[in-house]
There are 2 protein chains.
Amino acid sequence: MTPPAPIRKPRADSQRNREKLLSVAKDAFAAQGPDVSLEEIARRTGVGIGTLYRHFPNRDAIIADVYRREVGQLAGAAAELLDSHPPLDALRAWMRLFVDYIGAKKIMASALNSLAGGTTELYAASGPLITNAIALLLDRCKADGAIRPDAEPMDLMMALVGVAYNTSAGPGWQAAALRVVDILIAGIKQMDSPQAAL
Amino acid sequence: MTPPAPIRKPRADSQRNREKLLSVAKDAFAAQGPDVSLEEIARRTGVGIGTLYRHFPNRDAIIADVYRREVGQLAGAAAELLDSHPPLDALRAWMRLFVDYIGAKKIMASALNSLAGGTTELYAASGPLITNAIALLLDRCKADGAIRPDAEPMDLMMALVGVAYNTSAGPGWQAAALRVVDILIAGIKQMDSPQAAL
DNA sequence: TGATAAACGGAGGGTTCCTCCGTATATAAA
DNA sequence: TTTATATACGGAGGAACCCTCCGTTTATCA
């Protein structure tokens, strides 16, 4: 099906530029939110605006690429936590991690948010990663009988995004975020399981 | 302190235009999100861009005004529900209402979200209304012993915004939203109260 | 009916988005 | 090495948008 492999090596300058653009964009987005001027990013990177647009056809594309890796790390943490903690603890720990992580980078929150808004491309890039991570955690918890069997990954995801987004709001947000995580945990516990009484 | 009351009646055309701008803006925001062109709004309204800017010094101002009333209605519903339902039921019903209501108008979600993001003016306009509504509901529930006494209004608010924002995402979002509401309700129930067993 | 404070409208300067295309260069073949 | 060319680069430029400024119009009040 694939036509004979392309003959040429990708040009080195191209790769370099792409890399550097992503790095600059990451900082810019983190510092100024998702509305930074793309021309600004190109300028700071030291390339022409045309170069930026050749690598990333539009703003969403660059956002998606920027935070694909980050989301990957977050998703990876789920498996690690499960290795070292009982399922329910792992779930709680991961949820806190999620809130911290996303809260620190608002772009990601608005990206995850836009799950709804039509910019599906963004979600398509990283949504499944997160969903799978949550699903993994939930499945283990269910296997343990620690949580109700009808809990859906997306349910938690939706709530967490909201919490993460409002993170860093005022003083006390951190405590608030932890409280919400605990409320969610309490809410999905299996009510008639032994642990529920805790 | 106030200087002698102004002598002139406000001009009729001014009020008319302001009203019409708000109405058009409301539809435009609902249909296209918070990034609609203000010139477009002025155009559709049939006034010059200058007129729009005289009435609303910037985009945030117009958003704030547009959704101030809506939020007011939502807040009012809390009291009504409390009149006709037991506290916990009222709370659940109101939360569902919140999700539906905000979900239908993305602007409001992103406005509420921006609670965090620095655009505090937006939140200042309507945030307290919502917070008070939730506080009222929670207080009644606490008085009944139906929920844990440490539940904070903002906690629920944060989670709800996330759910609302992702509302209308894919098929099944509605069911998902209801599930999350129930998870939250379960999470804030007073565990050792009589109702908890339900 | 006039005077005038108030409101209107839109031109215009600045910024950003994204496209297009002539120029430069890294790669591969000679 | 040299040459040919596919590939990438850079930035000018048209369109849309933001918001300001100010000359013109008009609703109010005497």
Side-chain angles (χ1 to χ4, degrees), chain A residues 3-25 28-29 31-66 107 110-111 114 117-119 121-122, chain B residues 3-25 28-29 31-66 107 110-111 114 117-119 121-122:
Chain A
I7 339 204
R8 282 212 172 187
K9 248 201 310 196
R11 279 177 56 160
D13 50 349
S14 173
Q15 281 196 346
R16 259 200 316 272
N17 281 333
R18 169 174 249 275
E19 211 78 10
K20 201 168 177 191
L21 278 167
L22 278 174
S23 158
V24 170
F29 282 132
Q32 313 203 36
D35 288 334
V36 219
S37 153
L38 295 189
E39 309 206 307
E40 169 84 12
I41 291 180
R43 220 174 299 141
R44 279 200 229 171
T45 306
V47 306
I49 183 65
T51 297
L52 185 151
Y53 273 96
R54 195 162 343 86
H55 283 294
F56 311 97
N58 55 47
R59 158 173 256 105
D60 282 352
I62 200 173
I63 295 185
D65 266 31
V66 160
I107 346 92
S110 60
S114 69
T119 322
E121 183 188 349
L122 274 182
Chain B
I7 340 205
R8 281 210 171 187
K9 249 201 308 195
R11 279 177 58 159
D13 50 349
S14 172
Q15 280 195 346
R16 260 199 316 271
N17 282 334
R18 168 173 251 276
E19 211 77 10
K20 201 170 178 190
L21 278 167
L22 278 175
S23 158
V24 170
F29 283 131
Q32 312 202 36
D35 288 333
V36 221
S37 152
L38 296 188
E39 307 205 307
E40 169 85 11
I41 291 180
R43 222 174 298 141
R44 278 201 231 171
T45 306
V47 305
I49 184 65
T51 298
L52 185 152
Y53 272 96
R54 199 161 341 89
H55 283 295
F56 311 98
N58 55 47
R59 158 175 255 105
D60 282 352
I62 201 173
I63 295 184
D65 265 31
V66 160
I107 346 91
S110 61
S114 69
T119 322
E121 183 187 349
L122 274 183

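Reminder, nothing fancy here: chain letters follow the sequence lines and each chain counts from 1. Nothing here was measured: the structure is a model prediction, and the numbers come from that model.
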How close or far is atom [atom2] of [N] from atom [atom1] of [X], stated in whole angstroms?
| X | N | atom1 | atom2 | result |
| --- | --- | --- | --- | --- |
| B:L38 | C:dG10 | CG | P | 17 Å |
| B:Q32 | D:dC17 | CD | C1' | 14 Å |
| B:R18 | C:dA6 | CZ | P | 17 Å |
| A:I41 | C:dT15 | CD1 | P | 18 Å |
| B:I62 | D:dC17 | CD1 | P | 15 Å |
| A:D35 | D:dC18 | CG | P | 12 Å |
| A:N17 | D:dT7 | CG | P | 17 Å |

Verify the contact: side-chain N or O of [X] to OP1 or OP2 of [N], cut-off strictly under 4.0 Å; return yes or no.
| X | N | answer |
| --- | --- | --- |
| B:T51 | C:dA7 | no |
| A:S14 | C:dA26 | no |
| B:N58 | D:dC19 | no |
| A:H55 | D:dA8 | no |
| A:R11 | D:dA6 | no |
| A:R8 | D:dT7 | no |

Worksheet item: Which sits closer to the 5' end of DNA chain D, B:P10 or B:V36, going by the nucleotide each is nearest to?
Response: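 It is B:V36, whose closest nucleotide lies nearer the 5' terminus.
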Worksheet item: About how many Å separate CD1 of A:I49 and CD of A:E40, when rounded to the nearest 0.5 Å?
Response: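 Atom-to-atom, A:E40:CD and A:I49:CD1 are 10.5 Å apart.
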Which nucleotide sits closest to the side chain of [X]: [options]?
| X | options | answer |
| --- | --- | --- |
| A:V47 | C:dC18, D:dG10, D:dC9 | D:dG10 |
| B:Y53 | D:dT20, D:dC9, D:dT28 | D:dT20 |
| A:R54 | D:dA8, D:dA12, D:dT20 | D:dA8 |
| A:I49 | C:dT16, D:dC17, C:dC18 | C:dC18 |
| B:D13 | D:dC29, C:dC8, C:dC18 | C:dC8 |

Worksheet entry | First of A:S37 and B:G50 reached from the 5' end of DNA chain C, by closest nucleotide | B:G50
